Amino acid sequence: MLSSITQAAGEAARVASDGLNEAASQGSELGSVVTMAVLQGLTEFLPVSSSGHLVLADAALDVQFASGALLTVALHVGTLVAVLAIYGKDLIKVLRDALRGKPRELGLILLGSVPAAVVGLGFKDTVDSLFERPDLAAGCLLITAALLLVSDRARRRRAAEGDVPAEREIGVADALIIGLSQAFAILPGISRSGSTIATGLLRGHSADTSARFSFLLSLPAIGGAALLDLPELQNLPEGSGRVLAIGFVVSAVVGLFALKLLLIALRKGAFPWFAAYCVVLGGSWLLFGPFQLG
């Protein structure tokens, strides 16, 4: 009898211990997901590369998410909501014009989306493997810094010469070149918003025009990235839905704040500050290596 009681007590203790360990593991994962969501929301729109930050954060936190690619989908959809909150009316106008027989701007967005689609679909496995290299992400952050500085220097030079960009429309050549810069931003550490807006500025467009086209162009890019990982939904682990939902909400709210902040920063010529941040982060990683936080 005593043996049976002792065995039962031992089994109960084991079950309780497993339950506590699982709860602690879920709490740790939830905290990491929130951290990733905040990083995604901030860095998807600020010109400091969301992909670069997520690669470095994943290496520093050393956490393997049960949700896997599903977390990427949730975070991307969250930032997609943030873009729609700011540029939803512009998107409706683009679609309405297309339905009325004026598909010019929709055509430019689709044209600009082609390079990233070709790279993303044609070289998906190669691109995915690059996200396992934090050293590459850190190096590409330095390239992002250079793009920001070059475009800011061109903007300041035009301003000093009194050559203020007119609010002219994006043309076919503009759309294709900006689209190529977006394809280049598939590399982790290259900022999508930074490279596309910088290219628009270098093409002689105003900050507002460059930002508007950049974020309308982001809708197919972000939506397409989410769709590529959508089949993973069938592998949704039990109990991970709540964690993914929290990640979605956090990335959407933080992304909305970051997008509004970027639009203000653009008008004040703050690209050099973002460039300095990219240099510090990328350079620190390359010089001192990863620092484990998890």
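Note that the structure is predicted; figures quoted are calculated from it, not measured.
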Euclidean distance, [Y] [atom2] relative to [X] [atom1], rounded to 0.5 Å:
{"X": "Gln40", "Y": "Thr79", "atom1": "CD", "atom2": "OG1", "answer": "5.0 Å"}
{"X": "Leu75", "Y": "Leu244", "atom1": "CG", "atom2": "CG", "answer": "8.5 Å"}
{"X": "Leu187", "Y": "Arg133", "atom1": "CG", "atom2": "CZ", "answer": "10.0 Å"}

Legend entry - salt_bridge(Arg104, Asp97) N-O dist < 4.0 Å: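 No, no charged N to carboxylate O under 4.0 Å.
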Inset, instruction - Using a strict cut-off of less than 4.0 Å between a Lys/Arg side-chain nitrogen and an Asp/Glu carboxylate oxygen, indicate whether Asp152 and Arg155 qualify as a salt bridge. - result: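 Yes, Asp152 and Arg155 are salt-bridged.
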Examine [X] and [Y] and state if one hydrophobic cluster contains both, with Ile, Leu, Val, Met, Phe, Trp and Tyr joined whenever side-chain heavy atoms are less than 4.5 Å apart.
{"X": "Leu84", "Y": "Leu259", "result": "yes"}
{"X": "Leu91", "Y": "Val83", "result": "yes"}
{"X": "Leu106", "Y": "Val172", "result": "yes"}
{"X": "Val150", "Y": "Ile143", "result": "no"}
{"X": "Val48", "Y": "Trp273", "result": "no"}

Sidechain-backbone polar pair: [X] side chain, [Y] backbone, donor-acceptor under 3.5 Å:
{"X": "Ser195", "Y": "Ala185", "answer": "no"}
{"X": "Ser151", "Y": "Ala198", "answer": "no"}
{"X": "Thr209", "Y": "Ser206", "answer": "no"}
{"X": "Ser210", "Y": "Ala207", "answer": "no"}

Of all heavy-atom pairs between [X] and [Y], which one has the smallest distance, and what is that distance?
{"X": "Ala82", "Y": "Leu256", "result": "CB-N, 3.5 Å"}
{"X": "Leu148", "Y": "Ala275", "result": "CD1-N, 3.8 Å"}
{"X": "Leu111", "Y": "Ala175", "result": "CD2-CB, 4.4 Å"}
{"X": "Tyr277", "Y": "His53", "result": "OH-NE2, 2.8 Å"}
{"X": "Val55", "Y": "Pro188", "result": "CG2-CB, 4.0 Å"}
{"X": "Ala265", "Y": "Phe274", "result": "CB-CE1, 3.9 Å"}

Inset, instruction - Walk me through it: do Thr126 and Ser129 pass the test side chain to side chain donor-acceptor pair (under 3.5 Å)? - result: CA-CA 5 Å; Thr126 301; Ser129 68; 5.5 Å; no
Inset, instruction - Quickly, which of Leu180, Ile177, Ile186 forms a side chain to side chain contact (heavy atoms under 4.5 Å, CB included) with Pro115? Name it, please. - result: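 The side chain to side chain contact (heavy atoms under 4.5 Å, CB included) with Pro115 is passed solely by Leu180 among Leu180, Ile177, Ile186.
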Inset, instruction - State which residue, out of Leu149, Thr144, Leu147, fulfils the side chain to side chain contact (heavy atoms under 4.5 Å, CB included) condition with Cys278. - result: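 So, applying the side chain to side chain contact (heavy atoms under 4.5 Å, CB included) to Cys278 and each of Leu149, Thr144, Leu147, only Thr144 qualifies.
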Legend entry - Residues Ser214, Arg192; criterion side chain to side chain contact (heavy atoms under 4.5 Å, CB included); working and verdict: CA-CA 8 Å; Ser214 168; Arg192 195 212 66 82; 3.1 Å; yes
Legend entry - Among Ser191, Ser50, Ser49, side chain to side chain donor-acceptor pair (under 3.5 Å) partner for Glu44: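 So, applying the side chain to side chain donor-acceptor pair (under 3.5 Å) to Glu44 and each of Ser191, Ser50, Ser49, only Ser50 qualifies.
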